Structure formats: C-alpha cells, structure tokens
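To keep things clear, I will list the structure first and then write my remarks on it.
The first residue of the sequence shown is numbered 1, and numbering continues consecutively from there. As the structure is a prediction and not an experimental result, all values here were calculated from the model. Worth knowing before you read on, the calculation uses all heavy atoms, side chains too, and leaves out hydrogens, waters and symmetry mates.
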Amino acid sequence: QVQLVESGGGLVQPGGSLRLSCTASGSIFTIYAMGWYRQAPGKQRELVLTITSGGRTNYLNSVKDRFTISRDNAKNTVDLQMNSLKPEDTAVYYCYAEYNGRAYWGQGTQVTVSS
C-alpha cells in the first residue's frame, strides 16, 4: 500500500514558478512510476508529467518546455518544477504512483496562476 503526500502549491503570477513535492510512504518495495496529474474545474484529470524508475517520461505537450520532473528512487520522492506558469495551468495537482500494477493518488494541492 502506498500513501502519497503533496506540498508546494499556491498562488503565483503568470510567468512565475512553483515547485511541487511528493513523498510516498507505506509498504513499498519498488515504485514503477511516479509523477503528477492535474484537474481543473469542469475538466477531466490529465497527465502532466510522469517518470518511471528507469527514467522514462510521459508528458503533456503544453508543459514540455516549461515543467521538469525529478525523482529520488531511494527516498520515493518526486518533484515537479513548474516554470513560466500560465493561467491555464491552474488546477489541483495530484501526485501519482504506480505500484504493483495499480494507481495511487495523493490528496492534491491547489495551483492557481493569476495576476
């Protein structure tokens, strides 16, 4: 079983930056993938950026040149560095982990990009 806790959300102006962090805990051996999804009001949850234990990434095209993911496999943490933020990045961001073939989710952290 995996528990995920996010931190780092908040309010930022367009063009600003935020760093989100997530820590996984529980009865964990090897987490296959970790990363971030987001969900804006009235929209479906979408993948933002994920990374496997081997370093393979999946990403949303609109964040490709602005967001960076990093993972510490030993500590089971994953960070999302978000630069050049846009209003359309406003959403609840959820930490994600895939472990033993199932998905786990954090509680979410609000990111608001507004002037």
Side-chain angles (χ1 to χ4, degrees):
Q1 195 71 17
V2 179
Q3 295 84 48
L4 303 173
V5 179
E6 309 103 328
S7 64
L11 174 65
V12 65
Q13 293 186 345
S17 298
L18 284 174
R19 182 186 291 269
L20 306 182
S21 297
C22 176
T23 300
S25 62
S27 300
I28 302 169
F29 293 94
T30 302
I31 298 178
Y32 171 69
M34 294 188 71
W36 298 88
Y37 285 67
R38 69 187 183 188
Q39 187 167 21
K43 295 185 178 294
Q44 293 187 329
R45 191 172 297 184
E46 63 184 355
L47 182 149
V48 179
L49 195 57
T50 60
I51 185 168
T52 69
S53 59
R56 179 167 55 86
T57 58
N58 288 303
Y59 56 87
L60 185 66
N61 282 336
S62 63
V63 310
K64 177 178 178 291
D65 299 322
R66 301 183 295 120
F67 293 8
T68 303
I69 194 166
S70 60
R71 176 176 177 177
D72 187 329
N73 290 327
K75 296 182 178 180
N76 284 320
T77 60
V78 62
D79 291 352
L80 183 68
Q81 178 65 46
M82 304 185 294
N83 299 322
S84 301
L85 284 161
K86 304 174 180 179
E88 53 262 43
D89 295 317
T90 296
V92 177
Y93 284 70
Y94 295 91
C95 185
Y96 160 87
E98 183 179 338
Y99 178 66
N100 284 349
R102 63 179 294 180
Y104 295 86
W105 301 96
Q107 291 295 309
T109 185
Q110 178 71 46
V111 172
T112 302
V113 185
S114 176
S115 60

Going by heavy atoms in the side chains, are P14 and P87 under 4.5 Å from each other? yes
Specify the closest pair of heavy atoms between I69 and T57, including all atoms of both residues, with the distance to one decimal. CG2-CG2, 4.3 Å
Rounded to the nearest 0.5 Å, what separates atom OG in S115 from atom CG in L11? 10.0 Å
Is the backbone of G9 close enough, under 3.5 Å, to the side chain of T109 for a donor and an acceptor to pair up by distance? yes
Sequence neighbours excluded, the answer for side-chain hydrogen bond (donor to acceptor under 3.5 Å, both in side chains) partners of S62 is none
Taking Q81 for the side chain and F67 for the main chain, is one N or O donor matched with an acceptor at less than 3.5 Å? no
Does any N or O in the side chain of E6 come within less than 3.5 Å of the main-chain N or O of Q107, such that one atom is a donor and the other an acceptor? yes
Kindly indicate whether the side chain of Y93, heavy atoms from C-beta on, has any atom under 4.5 Å from the side chain of M82. yes
Roughly how far, to the nearest 0.5 Å, is CG of N83 from CG of D65? 11.5 Å
Would you compute the distance between atom OG of S25 and atom CD of Q1 and round it to the nearest 0.5 angstrom? 10.5 Å
Could you tabulate the donor-acceptor pairs under 3.5 Å formed by side-chain atoms of residues 98-106, not counting sequence neighbours?
unit_1, atom_1, unit_2, atom_2, d
E98, OE1, Y96, OH, 3.1
Y99, OH, S27, O, 3.2
Y99, OH, F29, N, 3.1

Mind checking what makes salt bridge (Lys or Arg N to Asp or Glu O under 4.0 Å) contact with D89, not counting sequence neighbours? R38, R66
Compare every heavy atom of Y59 with every heavy atom of L49, then report the nearest pair and how far apart it is. CD1-CB, 3.1 Å
What are the two closest non-hydrogen atoms of A97 and I31, and how far apart are they? CB-CG2, 4.0 Å
Keeping R45 on the side-chain end and Y37 on the backbone end, is there a donor-acceptor pair under 3.5 Å? no
In terms of heavy-atom contacts, R71 and I51 come closest through NH1-O, 3.1 Å
Looking only at side chains, do N73 and S53 share a donor and an acceptor under 3.5 Å apart? no
Side-chain H-bond candidate by donor/acceptor type, T77 with D72, under 3.5 Å: no
How far apart are the closest heavy atoms of C95 and L4, and which atoms are they? O-CD1, 3.6 Å
For V111, the option from L20, V92, L80 that meets side chain to side chain contact (heavy atoms under 4.5 Å, CB included): L20
Going only through I, L, V, M, F, W and Y residues with side-chain contacts under 4.5 Å, is there a path from Y94 to V113? no
Smallest separation among heavy atoms of S84 and S17, with atom names: N-OG, 4.3 Å
